[in-house]
Protein chains: 2
Amino acid sequence: MVAAKSDRPAGRRPTVRQVAERAGVSHQTVSRFLRGDPGMKPATVERLREAVDALGYRPDLTARSLRTGRSGVLTAMLPSPVTAFPTPVLAAAAEVAHEHGYFMEVAVVAGGSRERAGRAAELLASGRSEGVLFLGDLPDGGVPSGGDRGALVVFDHFDDQLRGVGQLADATPVAEAVAHLASLGHRRFLHLAGPQQWASARARRKAYLETIERLAPDYPGLASAGVVPGTWSADSGYDGVAQLPADAAFTAVIAANDLVAMGAIRALGERGLSVPSDVSIVGWDDQEMGRYSTPSLSTVVVDREAQGRLAMRRLVALVRGEQAGGSTGLLNRLVWRESVGPAPART
Amino acid sequence: MVAAKSDRPAGRRPTVRQVAERAGVSHQTVSRFLRGDPGMKPATVERLREAVDALGYRPDLTARSLRTGRSGVLTAMLPSPVTAFPTPVLAAAAEVAHEHGYFMEVAVVAGGSRERAGRAAELLASGRSEGVLFLGDLPDGGVPSGGDRGALVVFDHFDDQLRGVGQLADATPVAEAVAHLASLGHRRFLHLAGPQQWASARARRKAYLETIERLAPDYPGLASAGVVPGTWSADSGYDGVAQLPADAAFTAVIAANDLVAMGAIRALGERGLSVPSDVSIVGWDDQEMGRYSTPSLSTVVVDREAQGRLAMRRLVALVRGEQAGGSTGLLNRLVWRESVGPAPART
DNA sequence: GTCTCGTTAGTGATCGATCACTTTTTTGAA
DNA sequence: TTCAAAAAAGTGATCGATCACTAACGAGAC
């Protein structure tokens, strides 16, 4: 780590008035120049440009905010401890914010979703932030209100788009996965579910159960051997399988995510079941490691950057009072790798 | 995703003067109250507390910043595209920033480290940010100066603390790993190096070569079979091994990180070499998946949150002109798992 | 009873930019 | 050449808090 602090005494930064003086115009003209007012003489513009360059002038954003009432700040709010929330989501969101002239601030709030909601309201009320991107599980009391002012977008870890687009982006791949596995001969399924305070985990659980029910007529014997509650962690997958009764019978597993899948695979191995010859398993996230592990993980490819971009675009639109832009193109895509194979012959 | 925008017209927020009027004092007294001035009559304090509560007053942080000259903002600067920079680092940093009364803003800058350096200077110059935490590889031209004002802390992905603490936090585990593997009988080593613009990658490469040289007298035959340049990705590990000449002989691999290790394991498998019976391999990061993969990965446990906290503490200290606090306790720790075993019997 | 000193609160200026409004300059047609 | 209208630039107030001073108050010493 390297640390550096300038020791130049910094003889105070130049202001609009100093630029104005140098360019021989009024401070207001400088302001116009800075804001890119079209109605200015080229000669004036040129002189101002020179003055700004010469003085190394940079507008004071704080002063501007005070006057305009817009802070230009949007906040991404994360729960603490952070459950490995992927940086690409944050980074993409920050990038979009910048593109639209906003700064993205990160707030990490300890405690439950309720505390986060309170903090969000406070941030908005303080004028510090114009909008909040609420990352993590949903607050118990539903969506927090934006308070007196400001906008708020809630982004569930794995954006299910339940409301925004009216499409079950989470449910679709689950349904597809079950169907595919059924077509491979699998009949007894197990679902290692994610934490149910997450909308996406709920959506997947629901889709899992519904799909099995829906397909049961087509595939005689198709049934769920159970839904094991858990978290997003590898431990959870391991424990979920390890704690199953010895006679639990299933050949296909839908895991909450890749970590859970990986944990489950190990627990299966310790039970003498190998993947995919005895059991097939599908994860979610397309984690880089899962592509190279043995067996490589079948999973749902999620475009994290697109998610982050989309969420921030929504927030920006909301803050500006525009209509939230439509096209999402957030298609979660299943990829089949070694962890899935045909069902073993019946014993 | 859920979006909500308050539609209450928000009849303007109360200011210090309104609070003052309601409490029957002057605006300055309100300011004192807000700043927690100790020299105030309890009765006055009580009236002010009531007024603030009744009006729902929140100080305008922008106005405060303008007057005090302190923006209260520190910036974490990330490269784009983001190379999976772990969120816990960011989150911990943000938390520390908040503890000290700062907001942490995230800036994602596309382009090389040079662009980032420029952006950092600009941020500091604009007064928008009081300090920058520079995440990612080092800029070509060395550490950027803080410019006219502001402080800057550079945080290399895997903090090597080369300078800050004067200790090779990165080198130590590498040396330990080589020594341990040598004691298990391994003699021919391979290093899958990380991108050399990262100080940590350079430090590890250096430590790898030095350690082998240092231990060679104790272990006859000990030598490096090569250093393969690469990145932090799994692809890199896979390709690095796949592209080795067919007669490359080694039994121990030091990989840049867990992803690289995982990629390498697969490539080794495709060459008919299994881990750990033919080749032992050590990663870095202790990624959750690596704990459950088969084989589970021997790796270096890194306390990401501690890294983030430390970096931000340094930045805060620097911004405040204090001495950077001492105790780091950032001990990277090796854990031995299935991917490491005794060297195979000589053929 | 007065005087001094410490405590508590008030007054007006200020941070640096933008907004609303006014004044000056330029343009173009009669 | 003149004059109205448009274009360009200027003036002073303002956003909401804090800072530097100043004023009033109350307690204790002589």
Side-chain angles (χ1 to χ4, degrees), chain A residues 10-49 51-52 55-73 101 125-130 148-149, chain B residues 10-49 51-52 55-73 101 125-130 148-149:
Chain A
R12 199 167 242 172
R13 292 194 299 142
T15 73
V16 270
R17 301 195 190 252
Q18 302 185 38
V19 174
E21 193 177 0
R22 166 146 188 147
V25 299
S26 78
H27 63 112
Q28 171 61 356
T29 301
V30 180
S31 181
R32 286 202 187 88
F33 169 71
L34 294 173
R35 302 203 46 222
D37 188 316
M40 298 186 70
K41 277 206 213 163
T44 312
V45 170
E46 193 41 52
R47 264 183 310 162
L48 281 168
R49 191 192 316 285
V52 164
L55 297 174
Y57 170 82
R58 298 279 136 200
D60 183 314
L61 300 179
T62 307
R64 180 178 285 173
S65 287
L66 176 60
R67 182 65 244 229
T68 61
R70 276 169 284 111
S71 67
V73 170
S126 80
R128 162 96 208 136
S129 179
E130 293 182 52
D148 278 10
R149 53 196 239 165
Chain B
R12 201 166 242 174
R13 291 193 301 142
T15 74
V16 269
R17 302 196 187 252
Q18 302 184 38
V19 174
E21 193 178 2
R22 167 147 188 147
V25 298
S26 80
H27 63 112
Q28 171 62 354
T29 301
V30 180
S31 180
R32 287 203 187 86
F33 169 72
L34 295 173
R35 300 204 46 222
D37 188 316
M40 298 185 71
K41 278 203 207 161
T44 313
V45 170
E46 193 40 54
R47 264 183 309 162
L48 281 169
R49 192 193 314 287
V52 165
L55 296 175
Y57 171 82
R58 297 279 136 202
D60 183 313
L61 301 179
T62 307
R64 179 178 285 173
S65 287
L66 176 60
R67 182 65 244 230
T68 61
R70 276 170 283 111
S71 66
V73 170
S126 80
R128 160 97 210 137
S129 179
E130 293 183 51
D148 279 10
R149 54 194 240 167

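Remember, predicted model here, so these are calculated numbers, not experimental data. Every chain is numbered from 1, with letters handed out A, B, ... down the list of sequences.
- A close approach under 4.0 Å does occur between a side-chain nitrogen or oxygen of Thr29(B) and OP1 or OP2 of dG10(C).
- Using a 4.0 Å heavy-atom cutoff across all strands shown, Thr44(B) reaches sugar-phosphate atoms only and no base atom.
- In this structure Arg47(A) satisfies the salt bridge (charged side-chain N to carboxylate O under 4.0 Å, His left out) test with no other residue, sequence neighbours excluded.
- Rounded to an integer number of Å, the gap from CG of Asp37(A) to P of dG10(D) is 13 Å.
- Every residue two or more places apart in sequence or in another chain was checked for a salt bridge (charged side-chain N to carboxylate O under 4.0 Å, His left out) with Arg17(B), and none qualifies.
- Partners of Glu21(A) under the salt bridge (charged side-chain N to carboxylate O under 4.0 Å, His left out) rule, at least two apart in sequence or in another chain, do not exist in this structure.
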I'd like a table of donor-acceptor pairs (distance under 3.5 Å, sequence neighbours excluded) in which one partner is a side-chain atom from residues 25-35 of chain A, with atom names and distances.
residue: Ser26(A); atom: OG; partner: Gln28(A); partner atom: N; Å: 3.4
residue: Ser26(A); atom: OG; partner: Thr29(A); partner atom: N; Å: 3.4
residue: Ser26(A); atom: OG; partner: Thr29(A); partner atom: OG1; Å: 3.3

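- Straight-line distance from the CZ atom of Phe33(B) to the P atom of dT8(C): 16 Å, rounded to whole Å.
- For the pair Thr62(B) (side chain) and Thr62(A) (backbone), a donor-acceptor distance under 3.5 Å is absent.
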Please write out each protein N/O paired with an N/O of nucleotides 14-18 of chain D under 3.5 Å, distance rounded to 0.1 Å.
residue: dT14(D); atom: O2; partner: Arg67(A); partner atom: NH1; Å: 2.9
residue: dG16(D); atom: N2; partner: Ala63(B); partner atom: O; Å: 3.4
residue: dA17(D); atom: OP1; partner: Tyr57(B); partner atom: OH; Å: 2.7
residue: dA17(D); atom: OP1; partner: Asp60(B); partner atom: N; Å: 3.0
residue: dA17(D); atom: OP2; partner: Val16(B); partner atom: N; Å: 2.6
residue: dA17(D); atom: O5'; partner: Tyr57(B); partner atom: OH; Å: 3.2
residue: dT18(D); atom: OP1; partner: Arg64(B); partner atom: NE; Å: 3.0
residue: dT18(D); atom: OP1; partner: Arg64(B); partner atom: NH2; Å: 3.3
residue: dT18(D); atom: OP2; partner: Ser31(B); partner atom: OG; Å: 2.4
residue: dT18(D); atom: O5'; partner: Ser31(B); partner atom: OG; Å: 3.4
residue: dT18(D); atom: O2; partner: Arg67(B); partner atom: NH1; Å: 2.9
residue: dT18(D); atom: O4; partner: His27(B); partner atom: ND1; Å: 3.4

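- When each of Lys41(B) and Arg70(B) is assigned the nucleotide of DNA chain D bearing its nearest heavy atom, the one mapping closer to the 5' terminus is Arg70(B).
- Under the salt bridge (charged side-chain N to carboxylate O under 4.0 Å, His left out) criterion, Arg64(A) pairs with no residue at all, not counting sequence neighbours.
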